[in-house]
*Asks:* 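One structure, pasted below without further comment.
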Amino acid sequence: MQKLIINGGKRLGGEIRIQGAKNAALPIMAASVLCGEEIVIHNCPRISDVYSAMRILTYLGCKAYFDERNTAVIRAEDISGTSVSDELMREMRSSLFFLGAVLGRAGACRITLPGGCDLGPRPIDMHLAALRKMGVSIREEYGVLDCRAENGVKGAKISLSFPSVGTTENIMLAAVLAEGVTVIQNAAREPEVADLAGFLNACGARISGAGCGRIVINGVKKLHGCEYTVMPDRIVCATYLSCTAAAGGELVAYDCRPADMESILPVFEQMGCIVHASADRIYFSADRPLRAVAPIRTMVYPGFPTDAQAVVMAALCRAKGTSVFVENIFENRFKHVGELCRMGADILVEGKVAVIEGVKRLYGAKTCAADLRGGAGLITAALSAEGTSEISDIHYIDRGYEEIEKELSSAGADIIRI
Ligand code: EPU
């Protein structure tokens, strides 16, 4: 089993290129199933969730491989199956995108419930209710979902009770080749939703309003191939900024999109960091002791993202004063707190609220990642701790970060994988 060993207390300095966004690349890979011609995806991160998506594509009879470092090629001219095995479904939550995509392509799909990081209950009721409105009949037996659109998928008007990211994307996937018009009210406005729409439109789909609360999809007969570049990962960018804030130092994050981070960057300024952003890079400096920040409430976009909660919390462990987080999106997204406390952090969790009393120092400790972003939070804290930390179960971190130890060592961190 692999581990990360981190000797903390080294200032960071250097430049890090921000990888392509996991949460855009994964639905785009599933969307490739809808296209009858070759798809070339640039800026596709080499992370384990992307390899899981490739395994599902291969299982369905498509060809999926990396051509160059970050260019993935997908060919779905012939798909030989419409079901995904339980083993593959369990590898990640994003396996669920294949439901909308395969239904859109073939009018039938058999899956089991998806796996993914345990962040509390992650039901799929909204996905299924939306698909039913689109003429899909769903039979659930022995944990298998047998979904069929006998008369083809039909456009529908769907009003979401909550702007769920995955539900919005699954509806888009099922709707692009459907008969008629689909309207999604109270759609998720995350930039990754707009990136998926950008990809589908590049293949000939007719989607408007993605990135806003109302998305309109006019069904088309077929999609063609395209070359597309995945947007930069705003959470990975927030992670490297958190690491620099925690350890101190200067970092230039490039090939990023600061415009997508308007709820995150001001939090670093409140901590006392200097943030200069241009269209695609951030100059970041943290050379003073950090200060606590005003309460942070995780929200849907454009609010503060739940995915950045753990890494920003880890940076605040040594900030002077008291910081408060209210986690509004997931029920159980504080699993990193116990591990941060092993390193000397002073954090109290009460339901969906975490209160962080800044401490003077953190100490290296043996810790264990319990989910992707929580694991990245442990790295953030370890970089600012005195002594050596060991982080195990790093397969969670590898789901979303491309060679995180290499990026951080290139910026001066003392971190190795064993
Ligand atoms: N929800 C339901 N029913 C549903 C769907 C969602 O109750 O049918 C609830 C969820 O339980 C949760 C809330 O709605 O409480 C938000 O879930 P959402 O559907 O928006 O999230 P998701 O699509 O499962 C995506 C990201 C997550 C990110 C969330 C919130 C991808 C592949 N995943 O998940 O990313 O935290 O949106 O922004 O896009 C991560 O990258 O570490 C990660 C977990």
Side-chain angles (χ1 to χ4, degrees), residues 19-31 45 47-50 52-53 56 91-101 113-133 138 145 158 160-173 184 186-196 213 230-231 233-239 260 263-264 297-312 327-336 352 369-377 395-402 404:
Q19 69 184 59
K22 165 179 89 76
N23 291 346
L26 294 171
I28 287 174
M29 292 176 79
I47 50 177
S48 66
D49 273 7
V50 160
S52 293
I56 296 179
E91 284 189 13
M92 59 172 180
R93 171 82 177 177
S94 296
S95 55
L96 191 56
F97 293 131
F98 287 89
L99 173 58
L113 291 181
C117 286
D118 174 15
L119 312 173
R122 295 181 81 179
I124 62 166
D125 54 322
M126 289 165 66
H127 296 249
L128 301 186
L131 292 172
R132 284 194 172 103
K133 275 203 104 172
I138 301 170
L145 294 172
I158 297 159
L160 299 180
S161 55
F162 175 87
S164 149
V165 178
T167 309
T168 303
E169 293 172 335
N170 236 336
I171 298 170
M172 286 162 61
L173 293 168
I184 315 174
N186 197 25
R189 290 186 281 164
E190 270 67 4
E192 293 77 10
V193 173
D195 212 40
L196 172 62
V230 174
M231 63 176 278
D233 196 312
R234 59 197 168 104
I235 306 302
V236 168
C237 186
T239 301
D260 295 335
S263 60
I264 308 176
R297 295 175 180 80
T298 64
M299 302 269 193
V300 298
Y301 191 84
F304 187 91
T306 173
D307 293 346
Q309 176 250 105
V311 291
V312 172
E327 172 55 56
N328 290 311
I329 306 296
F330 290 107
E331 271 179 36
N332 186 13
R333 217 175 187 182
F334 285 140
K335 281 193 288 188
H336 45 283
K352 61 181 194 170
D371 59 53
L372 163 60
R373 307 301 173 186
H395 57 93
Y396 285 113
I397 301 171
D398 294 333
R399 300 178 80 133
Y401 293 88
E402 197 175 73
I404 193 165

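Read the numbers this way: they start at 1 and go in the same order the structure lists the ligands and their atoms.
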*Asks:* Counting only heavy atoms and a distance below 4.0 Å, can you name the residues contacting ligand 1?
*Replies:*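 Shell around ligand 1 (4.0 Å, heavy atoms): K22, N23, R93, S94, L119, P121, R122, P123, I124, D125, M126, H127, F162, S164, V165, G166, T167, T306, D307, I329, F330, R333, L372, R373.
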*Asks:* Would you confirm whether Q19, through its side chain, and G400, through its main-chain N or O, come within 3.5 Å as a donor-acceptor pair?
*Replies:*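 Checked: pair present.
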*Asks:* Please report the shortest heavy-atom distance between R122 and F330, naming the atom on each side.
*Replies:*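 Minimum heavy-atom contact is NE-CE2, 3.7 Å.
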*Asks:* Contact between L372 and Y401 at the side-chain level, heavy atoms closer than 4.5 Å - yes or no?
*Replies:*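 With C-beta onward as the side chain, the pair touches.
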*Asks:* List in chain and number order the residues that pass side chain to side chain contact (heavy atoms under 4.5 Å, CB included) with K335, two or more places apart in sequence or in another chain; answer none if no residue qualifies.
*Replies:*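 K335: side chain to side chain contact (heavy atoms under 4.5 Å, CB included) contacts with D118, N332, A370, D371.
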*Asks:* Tell me every residue that passes side chain to side chain donor-acceptor pair (under 3.5 Å) with N23, counting only those two or more places apart in sequence or in another chain.
*Replies:*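 In terms of side chain to side chain donor-acceptor pair (under 3.5 Å), with neighbours along the sequence ignored, N23 is linked to no residue.
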*Asks:* Can you list everything that forms a side chain to side chain donor-acceptor pair (under 3.5 Å) with E327? Sequence neighbours excluded, please.
*Replies:*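 Counting only residues at least two positions away or on another chain, E327 forms a side chain to side chain donor-acceptor pair (under 3.5 Å) with T298, T306, Q309.
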